[in-house]
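Notes to accompany the following structure.
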Amino acid sequence: MLREVLVSREDPEGFFAKCVSVLGHQETHTQFLSIIKPLSTANTRLYSVLSSLYQEYFSQVSEDSELELALTLSLLEMEDHQTSTPNQLPHQPGVRDNQSSVLLNSKPKSQGKNCTQQEDAPGRGKNDLPAQSRSRSKETFPEAEAHKSLHIESGDNQSFGTSQTLYVPVSSPSFPIPNTVPICEQNMKEGDVNLSVKPRHPKNRRQRRKAAIQQIVGLTRSPSAPPPVLLWFRRDLRLCDNPALIRSLELGAPVIPVFIWSPEEEEGPGVTVAMGGACKYWLHQALSCFCASLERIGSHLVFLKASGEGNEVGSSLQTLKVLAKETGAQTVMANALYEPWLKERDDVVFSSLQKEGFECKMFHSYCLRNPFSVSTEGVGLRGIGSVSHFMSCCRQNPGAAVGVPLDPPVSLPSPAHWPQGVPLNALGLALMPRRKDGTIIDWAANIGKSWDISEDGAHAQLEAFLHDGVYRYEKESGRADAPNTSCLSPYLHVGQLSPRWLLWDAKGARCRPPKFQRKLAWRDLAYWQLTLFPDLPWESLRPPYKALRWSTDRSHLKAWQKGKTGYPLVDAAMRQLWLTGWMNNYMRHVVASFLIAYLHLPWQEGYRWFQDTLVDADVAIDAMMWQNGGMCGLDHWNFVMHPVDAAMTCDPYGSYVREWCPELADLPDELIHKPWKCPASMLRRTGVVLGQTYPERIVTDLEERRSKSLQDVALVRKQFPQYVDKRSGCDLVPLPKRLVSEALGLSHWDGVVLTEEKQFLLPVITRMEFKHQLEDPDADAASNPYNAVLKGYVSRKRDETIAFLNERDFTASVMYEGAQRQERLEKDYRRMEGLHPSPSPRRRVRRTPTAKDKFSIVPSGAVASMR
C-alpha cells in the first residue's frame with residue numbers, strides 16, 4: 001500500500017481511509033504511525049501530510065467514547081430484560097422490518113444445498129481460501145472490509161432523522177458481541193438480540209481480532225452518510241472476484257444489492273429461449289443461496305419485478321428510476337452482459353440515467369476477454385470461426401490484461417432504510433405445473449438432488465476436479481461412464497464462478513492440461529460470434545443451407561427428446577439431460593449428430609430443446625455449436641458421430657447405458673449398444689422385449705439416411721452457386737460491417753459503403769466431404785472418400801483397451817494376408833513351370849488349444865514361427 005502512495009497511484013487521504021477501513025479505528029490509532037515511519041526518511045513531505053491527517057482525524061474523536069460505550073451496553077441490557085423470549089417474524093427478501101433492531105452478525109457455517117439451513121459444505125468460502133488467494137487479497141484488495149459500526153434504529157418508520165450510529169472498536173475486549181446467525185427468510189423483531197451463544201475465543205491475539213472483525217459486518221449507516229449505491233446483479237451471483245461489488249465498497253457509501261427480473265428483456269428478439277425451464281430453476285436456487293451469502297456479510301438482496309407505466313412492458317430502466325427515487329441513490333453499478341439485445345438494453349438504461357445526473361459504471365467480468373474488444377487486425381479473416389483463429393486474434397491484439405481474481409469482501413455497508421422488495425417466489429422462476437387434482441409436478445426434484453446450487457458448491461466442484469478429474473481430462477474427457485469433466489458450466493453461466501478465478505486455479509494446479517484451458521477460449525469465441533451475428537440463435541449463417549429439406553416428422557423429434565429412439569447411447573444421454581439438466585460435451589455431439597445427420601430434423605429444434613432443459617443453457621455457446629453441427633455455422637464440424645460406434649470411445653463397457661437405461665442392464669457389453677442384434681433367447685433371459693420394455697429403432701438404415709443428408713447439402717450448394725467459392729469450393733458467408741471495417745482498416749465507416757449496402761463474402765471452413773459431394777450429388781455416403789462418420793476414436797487411442805485389441809487384430813490380419821500371398825505366388829510359379837505342387841512342410845509348429853499367444857494362431861494353416 002505504501003508503494004502505491006509513493007508512485008502517486010493513491011492519494012494520502014485515500015491511503016489513510018483504507019487503513020481505517022481495513023484495520024479499524026483502534027488498530028489505526030495504535031499502529032498507523034509505525035506503518036508510515038519508513039517515510040520519515042524516504043519522503044519527509046509525504047510523511048508530514050500523513051501525520052497531519054492522522055492528528056486531525058483522531059483529534060476530532062469525541063473524548064466521551066467511553067460514555068457512548070456505556071450507553072450502548074445499557075441499551076442492550078435494557079432490551080434484553082424487556083424481552084424474555086425472542087420472537088422472530090418472517091422476513092421477505094427486500095422488505096425491511098419497521099421495528100428497531102440491532103444488526104449484529106457472526107461468521108456462520110458454509111451454505112448448503114437448500115440455502116435454508118446453515119450446515120458445513122465442502123468448498124472454498126471467504127475464510128478458507130488457499131494461501132495463493134489470500135496473498136492476492138493483501139495486494140489487490142486492501143479495502144475488502146467496510147467500516148464497522150453498531151446501529152440502533154428508532155421504531156418510527158416515518159422519522160428518517162432519528163437513527164443513531166455508535167462506532168465501537170471491534171477489538172475491544174470489554175464489549176461482548178452477541179452471536180446471531182442470519183437466515184434467508186427471517187428477520188429480528190424489536191429488541192430481539194440473541195445473547196445465548198457466546199462467541200468463540202481464538203487462542204492468539206491475531207485470530208481474536210480477525211474473529212471480532214467478522215462478527216460486526218454490514219452495519220447500517222447514519223442518515224448523514226453518502227447516498228447509497230445501487231448494485232445491480234444479473235449473472236454475477238457471487239462474492240468472489242466480483243469487480244462491481246468490490247468497486248462499490250471503494251465509494252464508502254451504503255450498498256443496496258438489487259436483482260430485477262424482466263423476462264421480456266431477457267428473451268430479446270427472435271426465438272432465443274434465453275431462459276428455459278431448467279435454467280430458471282437454477283437461477284431461482286442460485287438467488288436464494290446468494291441472498292444467504294449476502295446476509296452472512298450483513299446485507300441482503302432486494303428482489304424486484306420490472307415495472308412499466310400503464311400497459312407498457314416492464315422495463316429495468318423504469319424500475320431503477322423508481323428505486324433510486326425511493327432510496328436517494330445517485331450511483332448505479334453492474335457487471336456487463338454481452339448478448340447484443342442485453343447490451344443495447346444496458347446502454348439505453350445507463351444513458352438515460354446519466355442524463356438525469358446519475359453516475360453509472362459498468363465492469364467486465366463475465367468473459368476472459370470482452371467480445372466487443374476482439375479485433376482481427378494483424379491476423380486476417382482466414383480461418384474465422386475456429387478457436388485457433390480466435391486465440392491468434394487475442395494474442396495479436398491483447399487488449400486489457402486479465403488481471404488477478406479479487407477475494408470476497410468481509411462486510412458490506414448497509415443503508416439506514418431498505419427499499420421495499422418482493423419475495424423471491426413472486427418472480428415466478430421456479431413455477432411447477434399442477435395436476436387436475438391440485439398436486440404439484442416437481443419435475444426439477446432430481447436436478448436439485450444432483451447439484452449443489454451455491455457459490456460454495458461451485459468452489460467445491462472446482463477443487464474436486466483439480467484434485468482428480470483434471471489428470472484424465474486431456475485424453476479421457478469424452479468418456480461418459482467416468483467423471484472426467486469439470487461440470488462447472490452451470491456455475492459459469494449464472495456467474496457463481498468467474499472465468500478468471502477458474503483460469504487462475506487451473507494454472508495453479510499441479511496438472512495444467514491445455515485442452516481444459518482452451519475450453520474457456522471456446523466460451524469467449526461463442527460470445528464474439530454472437531456479437532458479430534446477433535441472429536445466431538435462429539438464423540443460419542450460410543445462406544444456401546436455409547433451403548435444406550428438413551424432415552417434418554414430429555414423432556421422431558418427440559422420441560429424440562424423451563430418449564426413446566431405440567439407440568441406447570442416444571437414449572441414455574437424452575434421459576440424463578432430462579433428469580439432471582446436463583450431459584458432457586462428447587454426448588452433446590452424439591445426440592446432435594443423430595438429430596441432424598440421421599433424423600434430418602432442423603438444428604433449431606435441438607437448440608430450443610437444449611435451451612429449455614440444460615441448466616447451463618447459454619445462448620451464445622448453444623447457438624454456435626448447433627449452427628456448426630447443423631452444417632451452417634462458421635466452423636463446420638469435420639465429423640459425424642455414429643450412434644452405435646461412438647460408444648467405443650465414450651462407453652466401451654456399457655456402464656453409462658446401464659445407468660440411464662436400466663431395462664438393458666443385463667445385456668452383455670458387446671451387445672448393449674445394439675440390442676436388436678441380440679438373439680431372441682438372450683433377450684428373453686434378460687427380460688428385454690423390443691417395442692415394449694425398450695423401444696424399437698425409429699430409423700433402421702443409418703447409411704441410407706446419411707447418404708440422403710449429403711445429397712441434400714450438395715443440392716442446395718448447387719442451387720446457390722453465388723455462395724460457393726469456385727477456386728477452393730468453400731462456402732461464402734456475408735461479412736458483418738464490423739469485420740469489413742477491420743479488414744479494410746477503416747476506423748469509421750464511409751458513407752458510400754453504408755449507402756450502397758455492399759455485401760462482402762468471405763470463404764469459410766467447409767467440410768471436405770461436401771466439396772467432393774458437389775462433384776457427384778447423387779453418390780452415396782459410403783463412396784465418398786472424405787466420409788466424416790467417426791467409428792470411435794480408436795486411432796487416437798482414447799480408449800486403451802479398444803486400441804490394444806485393434807492393434808492385436810490388425811497384426812494378426814497382416815500376418816494372415818502375407819502368408820496367403822506367399823502361398824499364392826508359390827503355387828502360381830509351380831503351375832507356370834510345370835512342377836508338382838509343393839509338399840507339406842516338415843517340422844511345422846502345430847497349434848495347440850492351450851496356446852495363449854494369439855499371434856501364433858493364424859487361420860488357414862498359416863503358421864508363424866515360434867523360434
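Side chains included, hydrogens not; waters and symmetry mates left out as well; all remaining heavy atoms used.
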Start with the C-alpha distance between Leu548 and Val713, add both sets of side-chain angles, then the distance that settles side chain to side chain contact (heavy atoms under 4.5 Å, CB included), and finish with yes or no. CA-CA 7 Å; Leu548 280 173; Val713 172; 4.2 Å; yes
Centroid-centroid distance, Trp560 to Phe594, less than 6.0 Å: no
Within 6.0 Å of NZ in Lys546, more than 12 heavy atoms from elsewhere: yes
Hey, could you give me each pair passing salt bridge (Lys or Arg N to Asp or Glu O under 4.0 Å) that has a residue in residues 609-627? Not counting sequence neighbours. Arg588-Asp616
Within a strict 4.5 Å, meaning less than it, do heavy atoms of the Lys355 and Ser351 side chains meet? yes
Less than 6.0 angstrom from the centroid, inside 45 degrees of the normal: does Lys771 satisfy that with respect to the ring of Tyr786? no
Glu455 side chain vs Leu239 backbone, donor-acceptor pair below 3.5 Å: yes
Face-on cation placement of Lys515 at Tyr473 ring, 6.0 Å and 45° thresholds: yes
Under 3.5 Å, side chain of Asn335 to main-chain N/O of Ser365, donor-acceptor pair present? no
cation_pi(Arg523, Tyr366) dist<6.0 Å, angle<=45: yes
Side chain to side chain, Val640 and Ser593, heavy atoms closer than 4.5 Å: yes
When you measure from the side chain of Glu742 to the backbone N and O of Glu377, does any donor-acceptor pair fall under 3.5 Å? no
Leu762 and Ile384: which non-hydrogen atoms are nearest, and at how many Å? CD2-CG2, 3.6 Å
Assess the residue pair Trp282 and His493 against the criterion (ring-ring contact (aromatic ring centres under 6.0 Å, His included)); give the C-alpha distance rounded to whole Å, side-chain angles, the decisive distance to 0.1 Å, and a yes or no. CA-CA 10 Å; Trp282 185 286; His493 172 62; 9.3 Å; no
Just wondering, do Cys367 and Trp528 contact through their side chains at under 4.5 Å, heavy atoms? no
Closer than 3.5 angstrom, by distance alone: can the side chain of Thr766 be matched with the main-chain N or O of Val764 as a donor-acceptor pair? yes
Kindly say whether Ala788 contributes a backbone atom to a donor-acceptor pair with the side chain of Arg767 at under 3.5 angstrom? no
Phe233 and Phe290: aromatic ring centres closer than 6.0 Å? yes
Do Arg345 and Glu339 pass the salt bridge (charged side-chain N to carboxylate O under 4.0 Å, His left out) test, and can you show the C-alpha distance, the side-chain angles, and the key distance before you say yes or no? CA-CA 10 Å; Arg345 185 271 312 269; Glu339 286 85 350; over 6 Å; no
Could you check Met641 against Val789 for side chain to side chain contact (heavy atoms under 4.5 Å, CB included), going step by step and ending with a plain yes or no? CA-CA 6 Å; Met641 297 294 189; Val789 177; over 6 Å; no
Would you say the side-chain atoms of Asn787 pair up with the backbone N or O of Ala781, donor to acceptor, closer than 3.5 Å? yes
Using modelled atom types only, decide if a donor and an acceptor are shared between the side chain of Glu359 and the backbone of Gln330 within a distance under 3.5 Å. no
Quick one: do Ser540 and Gln627 satisfy side-chain hydrogen bond (donor to acceptor under 3.5 Å, both in side chains)? Show the steps, please. CA-CA 7 Å; Ser540 297; Gln627 286 250 22; 4.7 Å; no
Do Leu353 and Lys321 have side-chain heavy atoms sitting under 4.5 Å apart? yes
Nearest heavy atoms of Thr531 and Pro340, plus distance in Å: CA-CG, 4.3 Å
What pair of heavy atoms forms the shortest contact from Asp241 to Val404, and how long is it? OD1-O, 4.4 Å
Contact between Met583 and Thr613 at the side-chain level, heavy atoms closer than 4.5 Å - yes or no? no
If you round to the nearest 0.5 Å, how far is CG of Asp236 from CG of Leu231? 7.5 Å
Tyr607 and Pro537 have their tightest heavy-atom pair at OH-CB, 3.4 Å
Counting only N and O atoms by type, is there a donor-acceptor contact under 3.5 Å from the side chain of Arg542 to the main-chain atoms of Leu634? yes
Side chains of Asn628 and His636 in contact at under 4.5 Å (non-hydrogen atoms): no
Drop me the distance from His600's NE2 to Arg706's CZ, to the nearest 0.5 angstrom. 9.0 Å
Quick one: CD1 on Ile260 to CG on Leu304, what's the gap to the nearest 0.5 Å? 6.0 Å
Start with the C-alpha distance between Tyr491 and Leu502, add both sets of side-chain angles, then the distance that settles side chain to side chain contact (heavy atoms under 4.5 Å, CB included), and finish with yes or no. CA-CA 11 Å; Tyr491 302 105; Leu502 175 58; over 6 Å; no
Are Phe303 and Trp261, when compared by the centres of their aromatic rings, separated by less than 6.0 Å? no
How many angstroms lie between atom CG of Leu283 and atom CG of Leu237, to the nearest 0.5 angstrom? 6.5 Å
A cation-pi test, strictly: NZ or CZ of Arg234 under 6.0 Å from the centre of the six-membered ring of Trp232 and no more than 45 degrees from its axis. Yes or no? yes
Using a 3.5 Å distance criterion without hydrogens, assess whether the side chain of Gln496 forms a donor-acceptor pair with backbone atoms of Ala286. no
From CD (Glu539) to CZ (Phe533), nearest 0.5 Å: 12.0 Å
Can you find a pair of side-chain heavy atoms, one from Tyr281 and one from Gln285, that are under 4.5 Å apart? yes
Provide the closest heavy-atom pair for Lys280 versus Leu429 in the form atom of the first, atom of the second, distance. CB-O, 3.2 Å
Roughly how far, to the nearest 0.5 Å, is the CD atom of Gln711 from the CZ atom of Arg549? 8.5 Å
For Gln773 and Leu710, the nearest pair of non-hydrogen atoms, with its separation, is CG-O, 3.7 Å
Quick one: do Ser709 and Asp712 satisfy side-chain hydrogen bond (donor to acceptor under 3.5 Å, both in side chains)? Show the steps, please. CA-CA 5 Å; Ser709 176; Asp712 289 346; over 6 Å; no
I'd like to know whether the aromatic ring centres of Phe350 and Phe358 sit less than 6.0 Å apart in this structure. no
Can the ring centres of His364 and Tyr338 be said to be less than 6.0 Å apart? yes
When you look at CD of Glu344, are more than 12 heavy atoms from neighbouring residues, nucleotides or ligands closer to it than 6.0 Å? no
Spell out, as yes or no, whether a donor-acceptor pair under 3.5 Å connects the side chain of Arg238 to the backbone of Gly495. yes
Show the numbers, then the answer: is there a side chain to side chain contact (heavy atoms under 4.5 Å, CB included) between Leu601 and Trp550? CA-CA 5 Å; Leu601 290 170; Trp550 296 108; 5.6 Å; no
Over 60° means perpendicular and under 30° means parallel, so classify the ring planes of Phe610 and Trp626, tilted if in between. perpendicular
Do the side chains of Glu474 and Pro514 get nearer than 4.5 Å, heavy atoms only? yes
